[in-house]
Structures are given as C-alpha cells and as structure tokens.
Amino acid sequence: MEVLTLRDAKIGESYRVKRISGQGAVKRRIMDMGLTKNAGFTVVKVAPLGDPVQIHLRGYQLSLRKQDAEMVQIEPIDVSEIEDN
C-alpha cells in the first residue's frame, strides 16, 4: 500500500494524520503546531510549485513547507469526521 503524505494531499479534500516520521526537534515543532496523530484537517491551498501547503486544522489556518509536509503521513476521510471545522 502506498504511503500518502501531506505533500500529496489535494485541495478541498479532508485527511487524518496517521503518523509523523520526523525526529527530535522537527517532529516536536510539527506536533506543537497541532498536527498530532488522528487530527483531522482540510487542504485549503497549495502554492503553484507545491511549497507551502495551507491546511485548515483545529479552527485555524496552517502553512507547511514541502519538506515538513513530507514527514506527515495521512489517510483520506470524510469532512464530517473533522471535529472543529
């Protein structure tokens, strides 16, 4: 089965965080921004060259660089599964 990352996410689609593959301070920074396991979000925008990716998460907008987005493994979900939309 192919691993889907936040970098692969499509505009307007909703996803859930499965795993964050970074280590140490980088992983902690991503988690501090609210991207934790099972957190649901919707992709709002992707810049023309794919950097950054903007998502709606926990009631706010978050932009992530491609490098950080590649560390976040995701799975598609229905928008109704997101608690704070």
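Bear in mind the structure is a predicted one, so any value in this text is a computation, not a measurement. Reckoned from all heavy atoms, side chains included, excluding hydrogens, waters and symmetry mates.
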Taking all non-hydrogen atoms of both residues, which atom of [X] and which atom of [Y] are closest, and how far apart?
X	Y	value
S14	D78	CB-C, 4.4 Å
G34	A39	O-CB, 3.9 Å
V44	I11	O-CG2, 3.4 Å

Within the side chain of D8, is there an N or O that forms a donor-acceptor pair under 3.5 Å with the backbone of T5?
-> yes
Does the Y15 side chain pair with the main chain of K10, one donor and one acceptor, at a distance under 3.5 Å?
-> yes
Side chain to side chain donor-acceptor pair (under 3.5 Å) partners of E75, counting only residues at least two apart | R16
Are any non-hydrogen side-chain atoms of [X] and [Y] less than 4.5 angstrom apart?
X	Y	answer
L6	F41	yes
I55	T42	no
V17	V72	yes

Applying the 4.5 Å side-chain criterion to the ILVMFWY set and letting contacts propagate, would I74 and M31 be lumped into a single cluster?
-> yes
Rounded distance (nearest 0.5 Å) linking atom CZ of R29 with atom CG of L35 = 11.0 Å
When rounded to the nearest 0.5 angstrom, what is the spacing between CD in Q54 and CG in L64?
-> 10.0 Å
Per-pair distances, 0.1 Å, donor-acceptor, side chain in residues 19-26, under 3.5 Å, sequence neighbours excluded:
| residue | atom | partner | partner atom | Å |
| --- | --- | --- | --- | --- |
| S21 | OG | M71 | O | 3.1 |

Lys/Arg-Asp/Glu bridge criterion (N-O < 4.0 Å) met for R7, D51 | no
